[in-house]
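Worksheet: the structure to be examined is printed underneath.
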Amino acid sequence: MDRAVGKLQALVRIPTVSDRDWSRVQTSVFDDFHVALEQQFPLLHEQLTKTVVHGHGLLFHWRGASQERPVVLMAHLDVVPIDEDAPWQHPPFSADVRDGEIWGRGTLDDKGCLVAICEAVERLLERGHTPAQDVWLSFGCDEEVFGGAARAAVEELTSHGVAPWFVIDEGGAIAHDAFPGIKPPIGVIGVTEKGAMSIELTAEGRGGHASTPARNGPTVRLARAILRLERSPFPASTPAPTLELLRRMAPHAPLPMRPLLAGASRLGPALTRALIAAGPEPAAMTRTTVAITTLSGSPALNVIASTAKAGVNLRLMIGDSVVGALEHVRKAIHDDDIHIDVVEGDEPSPVSPYDGDEAFTLLERTISEVFPDAIPSPYVMMAATDSRHFTEICERVYRFAPFRMTKAQRESIHSYDERIGVDDFLAGIDWYQLLIERLPR
């Protein structure tokens with residue numbers, strides 16, 4: 001088995017779980033990860049300049065033949081917590097290899113990318129390769145919570161006067177089964193990402209004994225607010241990158257669908273309705289989404305809650321804003337007694353160039369060479385990544401993980417049974433290596 005598989009196994013087995021409350025994080029585990037990373041990639045650590053940022057984030061500098069158009073390759077070393085009641089087929093930090101797949105938390109999100117980047121660099125260093133341009137590796141330690149390490153990396157690069165030509169982070173993939181009726185996989189490259197916003201809804205009241213309930217207590221009012229929000233979706237539309245994605249899929253669609261997709265720019269409203277009807281993944285491409293994620297209320301079954309709370313996560317579509325989304329929520333709930341607190345809010349990212357742009361064309365060609373059956377295309381990234389912080393210093397920020405992913409694999413991210421195919425992981429290493437080799441002088 002390829003040596004890189006063992007490296008990924010070793011790093012997946014280190015449970016680098018991040019938390020919004022950093023005092024609850026086992027920082028020694030992150031120290032262990034740094035030690036293991038150096039053991040697995042000795043040349044990278046010997047020949048690249050390492051800077052530790054924000055406690056446990058890492059920034060490596062690989063000096064190239066030119067400093068004119070530096071490139072940043074990104075990943076993150078932290079993972080989300082494990083739901084202990086979830087039915088994992090293999091222990092989440094076992095990194096078991098079964099049936100041609102490596103199982104475990106972080107294999108897709110995002111240690112797979114991190115190890116693939118490092119292994120590509122290690123291979124090239126073994127060959128004495130010097131990249132055409134400076135290459136920076138930025139590995140965050142808290143992407144799943146705040147992204148403070150990414151912000152610190154941006155500050156560090158700014159202090160050195162580094163203005164990246166392009167940045168590539170996790171996000172898209174070689175997505176199989178992404179759209180009904182489309183057989184080839186789609187190599188989706190995120191040219192923007194939705195904004196991320198978290199709010200908390202709170203209803204308060206007297207509470208009391210469960211034997212004497214009053215009407216419209218806190219839990220009832222909170223439930224009503226949640227239902228009103230569920231029944232008031234944000235307006236739907238199809239942004240330009242999504243229209244381009246649909247246009248590129250047209251030749252591969254069933255015959256009845258081809259005219260609709262080929263005329264995407266003229267048939268936006270009809271396509272928007274079709275995407276909404278196609279399922280949760282396509283529907284999320286059309287609007288700001290709202291998900292109820294946490295609930296809390298009474299501490300006991302026979303006690304009426306005096307305070308009931310719901311956590312709500314919104315992903316803001318291009319064109320929407322934190323202020324506008326908050327106003328939408330207020331109007332939808334239509335209850336002044338429900339308190340709305342904004343926990344965090346990031347605006348949608350700017351759209352990076354893709355039509356004929358040299359950097360984007362390089363990504364497309366690299367995808368086509370390593371994954372010849374895939375359709376390269378821009379798209380709107382639905383989740384949030386560390387790369388959103390790099391838009392301050394770079395206009396070409398792209399999101400793409402060079403791995404084949406089935407729908408089931410994509411659903412396993414932040415869920416259970418996360419795993420990556422061995423061959424798919426090795427192809428991802430080839431993709432990063434080829435990308436570095438093809439950097440133009």
Side-chain angles (χ1 to χ4, degrees), residues 60-75 113 116-117 120-121 124 129-138 153-154 157-158 160-175 186-193 239-249 265 318 348-372 374-381 385-403 427-441:
F60 292 94
H61 180 203
W62 188 7
R63 189 171 294 279
S66 170
Q67 296 178 300
E68 290 183 6
R69 297 198 293 183
V71 170
V72 180
L73 306 181
M74 297 182 65
C113 281
I117 291 169
V121 171
L124 291 170
H129 179 79
T130 299
Q133 307 291 338
D134 277 12
V135 174
W136 293 79
L137 313 180
S138 179
V154 168
L157 291 175
T158 301
H160 290 285
V162 177
W165 176 38
F166 74 83
V167 172
I168 185 81
D169 195 6
E170 62 171 338
I174 304 298
I186 306 170
V188 284
I189 306 167
V191 295
T192 181
E193 64 183 53
T242 304
L243 292 174
E244 177 63 13
L245 167 63
L246 298 174
R247 188 189 67 78
R248 294 189 184 201
M249 291 193 308
S265 59
I318 304 169
S349 296
V351 178
S352 298
Y354 57 87
D355 188 10
D357 181 81
E358 183 184 4
F360 190 82
T361 299
L362 173 63
L363 300 181
E364 290 179 299
R365 289 176 177 170
T366 310
I367 288 173
S368 295
E369 189 159 346
V370 178
F371 308 100
I375 309 166
S377 178
Y379 92 119
V380 177
M381 171 78 180
T385 69
D386 268 346
S387 69
R388 69 189 185 276
H389 303 297
F390 280 73
T391 60
E392 299 175 14
I393 61 171
C394 180
E395 66 172 337
R396 295 176 180 86
V397 176
Y398 302 110
R399 299 118 181 126
F400 176 71
F403 304 128
I429 299 171
D430 293 340
W431 189 87
Y432 282 117
Q433 181 175 331
L434 185 61
L435 179 68
I436 295 169
E437 289 176 325
R438 296 288 166 83
L439 290 177
R441 295 189 180 273

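In this chain, residues are counted from 1 in sequence order. Side chains included, hydrogens not; waters and symmetry mates left out as well; all remaining heavy atoms used.
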Could you check if a side-chain atom of [X] sits within less than 4.5 angstrom of a side-chain atom of [Y], using non-hydrogen atoms only?
| X | Y | value |
| --- | --- | --- |
| Arg69 | Glu358 | yes |
| Tyr354 | Glu364 | no |
| Val370 | Ile174 | no |
| Arg396 | Pro353 | yes |
| Ile393 | Thr158 | yes |
| Val121 | Phe60 | no |
| Ser349 | Met381 | no |

What are the two closest non-hydrogen atoms of [X] and [Y], and how far apart are they?
| X | Y | result |
| --- | --- | --- |
| Pro241 | Val351 | CG-CG1, 4.2 Å |
| Pro239 | Val380 | CG-CG2, 3.8 Å |
| Pro164 | Cys394 | O-SG, 3.3 Å |
| Ser368 | Pro376 | OG-CG, 3.5 Å |
| Arg399 | Ser387 | NE-OG, 3.3 Å |
| Val162 | Pro70 | CG1-CG, 3.8 Å |

About how many Å separate [atom2] of [Y] and [atom1] of [X], when rounded to the nearest 0.5 Å?
| X | Y | atom1 | atom2 | answer |
| --- | --- | --- | --- | --- |
| Ser377 | Met249 | OG | CE | 7.5 Å |
| Ile117 | Met74 | CD1 | CE | 9.0 Å |
| Leu434 | Tyr432 | CG | OH | 13.0 Å |
| Tyr398 | Phe360 | OH | CZ | 6.5 Å |
| Asp430 | Phe371 | CG | CZ | 8.0 Å |
| Leu362 | Ile168 | CG | CD1 | 9.5 Å |

Open item on the list: What I want to find out is whether Glu369 reaches Arg365 closely enough, with some N-O distance under 4.0 Å, to be called a salt bridge.
Closed with: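 Salt bridge absent between Glu369 and Arg365.
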Is it the case that the side chain of [X] and the backbone of [Y] share a donor-acceptor pair, with hydrogens and angles ignored and the cut-off at 3.5 Å?
| X | Y | value |
| --- | --- | --- |
| Arg248 | Leu245 | no |
| Ser352 | Val397 | yes |
| Gln133 | Leu439 | no |
| Asp134 | Gly64 | yes |

Open item on the list: Can you tell me which residue among Asp169, Leu435, Ile367, Thr366 is in a side-chain contact (heavy atoms from CB on, under 4.5 Å) with Phe400?
Closed with: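 Exactly one option meets the side-chain contact (heavy atoms from CB on, under 4.5 Å) with Phe400, and it is Ile367.
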- [ ] Assess whether atom CD of Glu437 is packed by more than 12 heavy atoms of other residues, nucleotides or ligands within 6.0 Å.
- [x]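 Yes, the 6.0 Å shell around CD holds more than 12 heavy atoms from other groups.
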- [ ] Would you please test Tyr379 and Leu246 for side chain to side chain contact (heavy atoms under 4.5 Å, CB included) and show each step?
- [x] CA-CA 9 Å; Tyr379 92 119; Leu246 298 174; over 6 Å; no
